[in-house]
Protein chains: 2
Amino acid sequence: MAQKNKNDVTKERLLNEAEGLFAQKGYDAVSVREITKAANCNLAAVNYHFGNKQNLYLEVFRARWVPRAGLLQEHFRKSLAAQGSPSPTAVAKALAEAFLVGPLSDEERHRHHQLIVRELGQPTEAFELVADQVMRPFFKELADMLRPVMPEGLGEKRLMLNILSIFGMVLYFNFARAAVTRIAGYEYDTAFKARLVEHIVEFSLKGLGGAEKEEMR
Amino acid sequence: MAQKNKNDVTKERLLNEAEGLFAQKGYDAVSVREITKAANCNLAAVNYHFGNKQNLYLEVFRARWVPRAGLLQEHFRKSLAAQGSPSPTAVAKALAEAFLVGPLSDEERHRHHQLIVRELGQPTEAFELVADQVMRPFFKELADMLRPVMPEGLGEKRLMLNILSIFGMVLYFNFARAAVTRIAGYEYDTAFKARLVEHIVEFSLKGLGGAEKEEMR
DNA sequence: GTCTATAGCAGGATAGAC
DNA sequence: GTCTATCCTGCTATAGAC
């Protein structure tokens, strides 16, 4: 923190390139050689800065993924606060907007979701990290927020299923972008993303019991 | 086809083991050595029967994934036909049931979805195969089926988004099983899968415009 | 902190015996 | 068709010079 010399810069570049490559190809398909070449530094740099490849992967989550998830949550909370009371509709809209448009660039968002989807399908140590520091706290926050405004007698299980489902939708449309484009021909431009947000909100409303009068901003 | 000697048996075993391993770990994380060992045959067998590793992977889709997708569609069509008119509710229910309970064993279903999710996130030649032979035709069939019974003025784009979304939900709850269990504590037993089917149907109804009177079986 | 050089091993693929 | 033996490439990781 005190010194800001070449060391830190190399480390940062390694983290950036590693994240991009791990997201794009998965852990095993990426070699340390590829990462160091992309980061324009020496092969030995990964071992010097991170000990080994595994730990570089973990550090990508610690130093990049978790903070970025914090950014997304912050964006969500602000846009929700701007809407007054947290109705199911408002929550769904703020969530979908934060995660599909939000504060991240297209590339950053895609990286972010590719990384977590790989972990969802095949959890490693990185998943535990993310589950503890991001998912469980955030899901609890959402549950506490939604519980009072949900239909009576919905139950904790159904509540959690609904929260999981919204995230499922958001993840799916982000990570399967290439496939959706090839199958349905949709380009992920601004207009389509806006439409997607609307779609996900609508799609989620029934589950969230948000059939009450629709309200916008 | 004429001869059913050791040759065919080895080939079948290779396909089975390869499918399981590719689904579980992904293409790059699996070695030919690992596959042949699991199939209890010689290292050279992969090259003899399939030419190379890449082609074995493709053959897994051609000889296993596509036929199994056919089974699922068949199950879907039968259970839909048993319900009379194809209302949005009936379609959603038949789909969710076929893909979450349906004719496959838990392990087979998991394999099936793991494989396709990897391809959705990072399409290879196998994705083109599946898109041409399975996805595009089936999505078209569903669209033709739903178009007449959907709300007026929904539009082709929204129709396709809704179809994609149901598949997204189904895929998500199948492939992220390990993560869902760790985060929410749900075991994927029979009761939970039945609940999941109900949940997905409900969750999808608004999007499908199925707010009409609910009908079952 | 960064580099070169290299150890040491695992990977895909093939040749050729049986 | 199946096997063993082997080639060669590419991998992670480290030692040691600068």
Side-chain angles (χ1 to χ4, degrees), chain A residues 1-63 115 118 122 124-126, chain B residues 1-64 115 118-119 122 124-126:
Chain A
M1 199 61 92
Q3 89 254 42
K4 191 73 187 183
N5 46 20
K6 189 104 178 280
N7 175 16
D8 293 342
V9 179
T10 298
K11 208 170 166 181
E12 298 297 303
R13 272 206 318 269
L14 277 172
L15 280 169
N16 290 340
E17 298 300 330
E19 184 182 19
L21 289 166
F22 284 144
Q24 191 184 115
K25 306 176 159 195
Y27 182 82
D28 296 282
V30 179
S31 67
V32 173
R33 285 174 151 80
E34 196 176 356
I35 296 168
T36 50
K37 195 172 178 182
N40 203 28
C41 70
N42 191 269
L43 171 63
V46 161
N47 291 70
Y48 177 76
H49 286 286
F50 303 96
N52 55 36
K53 183 185 173 185
Q54 257 286 339
N55 204 51
L56 166 57
Y57 180 74
L58 269 177
E59 201 60 28
V60 163
F61 279 86
R62 263 194 285 265
L115 283 172
R118 292 186 194 280
Q122 208 182 344
T124 71
E125 203 181 332
Chain B
M1 198 61 91
Q3 89 254 46
K4 189 74 186 183
N5 46 20
K6 189 104 179 280
N7 175 16
D8 293 342
V9 178
T10 297
K11 208 170 165 180
E12 297 298 303
R13 273 207 317 270
L14 277 171
L15 281 169
N16 289 340
E17 298 299 330
E19 184 183 19
L21 289 166
F22 284 144
Q24 192 185 113
K25 308 177 157 195
Y27 182 82
D28 296 282
V30 179
S31 67
V32 172
R33 287 175 153 83
E34 195 177 357
I35 297 168
T36 50
K37 196 173 178 183
N40 203 28
C41 70
N42 192 270
L43 171 63
V46 161
N47 290 71
Y48 176 76
H49 286 287
F50 303 96
N52 56 34
K53 184 185 172 186
Q54 257 286 341
N55 204 52
L56 166 58
Y57 179 74
L58 270 177
E59 201 61 27
V60 163
F61 279 86
R62 263 194 286 265
R64 291 282 182 277
L115 283 172
R118 291 185 196 281
E119 284 294 324
Q122 207 182 344
T124 71
E125 203 182 332

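In what follows, every chain begins at residue 1, and chains take the letters A, B, ... in the order their sequences are listed.
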Atom-pair distance ([atom1] on [X]; [atom2] on [N]), nearest Å:
X	N	atom1	atom2	result
B:Lys53	C:dA10	NZ	P	16 Å
A:Lys11	C:dG1	NZ	C1'	12 Å
B:Arg13	D:dT2	CZ	C1'	12 Å
A:Asn47	C:dT2	CG	P	14 Å

With the criterion being N/O to N/O and under 3.5 Å, what pairs connect the protein with nucleotides 16-18 of chain D, and how long is each?
none

Item to complete: Would you mind reporting whether A:Phe50 and A:Lys11 have side-chain heavy atoms less than 4.5 Å apart?
Response: yes
Item to complete: Ignoring backbone atoms, test whether B:Asn42 places a side-chain nitrogen or oxygen under 4.0 Å from the OP1 or OP2 oxygen of D:dT4.
Response: yes
Item to complete: Please check the phosphate of D:dT2 (OP1 and OP2 only) for any side-chain N or O of B:Thr10 closer than 4.0 Å.
Response: yes
Fill in: Partner set under side chain to side chain donor-acceptor pair (under 3.5 Å) for B:Arg33, not counting sequence neighbours
none
Practice prompt. Name all residues meeting the side chain to side chain donor-acceptor pair (under 3.5 Å) criterion together with A:Glu17; count only those two or more places apart in sequence or in a different chain, and write none if there are none.
Written response: none
Discussion item. Restricting to salt bridge (Lys or Arg N to Asp or Glu O under 4.0 Å), what partner residues turn up for B:Glu125, sequence neighbours left out?
Written reply: none
Worksheet entry | Pairs touching residues 55-64 of chain B that satisfy side chain to side chain donor-acceptor pair (under 3.5 Å), sequence neighbours left out | B:Glu12-B:Arg64, B:Asn16-B:Arg64, B:Tyr57-B:Glu119, B:Glu59-B:Arg62
Item to complete: Please list residues of residues 23-33 of chain B whose heavy atoms come under 4.0 Å from any atom in DNA chain C, ordered by number; otherwise none.
Response: B:Val30, B:Ser31, B:Val32, B:Arg33
